[in-house]
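Have a look at the structure below before the remarks.
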Number of protein chains: 2
Amino acid sequence: MEKCDPVCEGTSPEIADQVKAELLEDRSAVSIADLFKALGDPTRIKIIHALSLHELCVHDLTIVLGMGQSAVSHQLRYLRNLRIVKRRKEGKTVYYSLDDNHIEQLFVLTRQHLEHD
Amino acid sequence: MEKCDPVCEGTSPEIADQVKAELLEDRSAVSIADLFKALGDPTRIKIIHALSLHELCVHDLTIVLGMGQSAVSHQLRYLRNLRIVKRRKEGKTVYYSLDDNHIEQLFVLTRQHLEHD
DNA sequence: TTAATATATGAGCAATTATTCATATGTTGA
DNA sequence: TCAACATATGAATAATTGCTCATATATTAA
């Protein structure tokens with residue numbers, strides 16, 4: 001962190017101070033980033049997309065994704081900790097589905113953003 | 001990747017196949033994940049939030065964020081490569097602002113999601 | 001109980017990443 | 001041209017992360 005006494009001429013220091021005062025707190029920024037981080041991996045994106053199409057058990061997800069069972073389970077735990085997916089047990093099998101439709105909205109909005117460009 | 005001939009009883013194999021057929025392609029999943037990944041870091045979240053409040057030069061951002069100039073510059077380049085922020089040069093100083101209001105929408109939606117819970 | 005199936009999880013490893021340090025580029029004024 | 005300022009960037013490093021392997025837990029059927 002360097003000295004910043006001679007604020008660059010271009011911007012008034014009041015604006016920087018004002019923005020600094022209004023800026024998100026650390027924990028808020030971390031919370032928001034954590035949620036986006038969860039969506040920032042292709043495997044998890046595919047899992048979320050698959051579950052937006054249909055509730056699926058872990059085994060079916062391994063088929064759909066073409067991945068090992070362990071990797072899928074790890075990612076599902078990750079997503080479950082963030083309450084992005086939830087599970088429902090039925091005998092031996094565990095069915096996963098999206099826990100919240102906000103996630104789907106983020107999805108739709110993001111795809112729009114990408115197509116728009 | 002293990003054998004998956006005896007599909008788990010719980011789900012019909014047709015559903016897994018159907019979901020697999022509709023699932024996002026690799027490159028789409030990667031594109032979407034890349035965008036979310038850009039939002040998956042507290043520093044970048046703060047940068048985006050700050051710029052949603054006001055156009056700012058790099059130096060002011062270092063003040064607002066309380067971070068080194070180099071770190072800020074690196075993150076700005078990252079965000080600029082993804083067209084999340086854009087720059088405007090004026091003499092020595094470079095002003096950054098959000099390139100697209102879709103990002104702000106994602107922001108709002110995400111904060112709603114977090115507050116909701 | 002034993003075997004088979006479905007899922008979960010800890011440890012370890014390779015790849016990625018956010019920051020720092022040092023330095024380069026570009027701009028302005030003296 | 002030279003010095004000061006504003007920003008950019010390459011290299012190095014520490015921390016994080018996604019996957020695999022081996023194994024544990026849980027459920028069902030024989």
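Below, chains carry the letters A, B, ... as their sequence lines are ordered, and counting in each starts from 1. Note: hydrogens, waters and symmetry copies are ignored here, and every other heavy atom, side chains too, is used.
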Within the modelled atom types, does a donor on one side and an acceptor on the other bring the side chain of [X] and the base of [N] under 3.5 Å apart?
| X | N | value |
| --- | --- | --- |
| A/Ser70 | D/dC19 | no |
| B/Gln69 | D/dA8 | yes |
| B/Gln75 | C/dA18 | no |

With a 4.0 Å cutoff (strictly under), does any side-chain N or O of [X] reach OP1 or OP2 of [N]?
| X | N | answer |
| --- | --- | --- |
| B/Lys89 | D/dT7 | no |
| B/Tyr96 | D/dA8 | yes |
| A/Arg80 | C/dA8 | no |

Report the nucleotide, chosen from [options], that has the shortest atom-to-atom distance to any side-chain atom of [X].
| X | options | value |
| --- | --- | --- |
| A/Ala71 | C/dA18, D/dC19, D/dT9 | D/dC19 |
| A/Arg77 | C/dT27, D/dT7, C/dT9 | C/dT9 |
| B/Arg87 | D/dA8, C/dT7, D/dG18 | D/dA8 |

>> Contact list please: residues 36-43 of chain A against DNA chain D, heavy atoms, distance less than 4.0 Å, in numerical order.
In response: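 Listed by number, they are A/Lys37, A/Asp41, A/Thr43.
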>> Using 0.5 Å steps for rounding, measure from the CZ atom of A/Arg80 to the CD atom of A/Gln75.
In response: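 It comes to 13.5 Å.
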>> Once side-chain contact (heavy atoms from CB on, under 4.5 Å) is applied, do any residues pair with B/Val30, and if so which ones, sequence neighbours excluded?
In response: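 Listed in chain order: A/Pro42, B/Asp34.
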> Any stacking of B/His74 on C/dT19, going by centres under 5.5 angstrom and planes within less than 30 degrees?
Replying inline: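 Here the ring of B/His74 and the base of C/dT19 are not stacked, as the 5.5 Å and 30° limits are not both satisfied.
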>> Starting from B/Val85, can I reach A/Leu114 by hopping between I/L/V/M/F/W/Y residues whose side chains sit under 4.5 Å apart?
In response: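 Yes, same cluster.
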>> Suppose the criterion is salt bridge (charged side-chain N to carboxylate O under 4.0 Å, His left out): which pairs have a residue in residues 15-26 of chain A, not counting sequence neighbours?
In response: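 Salt bridge (charged side-chain N to carboxylate O under 4.0 Å, His left out) check on residues 15-26 of chain A returns A/Glu25-A/Arg27, A/Asp26-B/Lys46.
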> Under 4.0 angstrom, heavy atoms only, what part of the nucleic acid is A/Arg44 near: base, sugar-phosphate, or nothing?
Replying inline: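 Counting heavy atoms under 4.0 Å across all strands, the contact made by A/Arg44 is with sugar-phosphate only.
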> Does NZ or CZ of A/Arg44 lie under 6.0 Å from the centre of the six-membered ring of A/Tyr78, at an angle within 45° of the ring axis?
Replying inline: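 Flagged: A/Arg44 positioned over aromatic ring of A/Tyr78.
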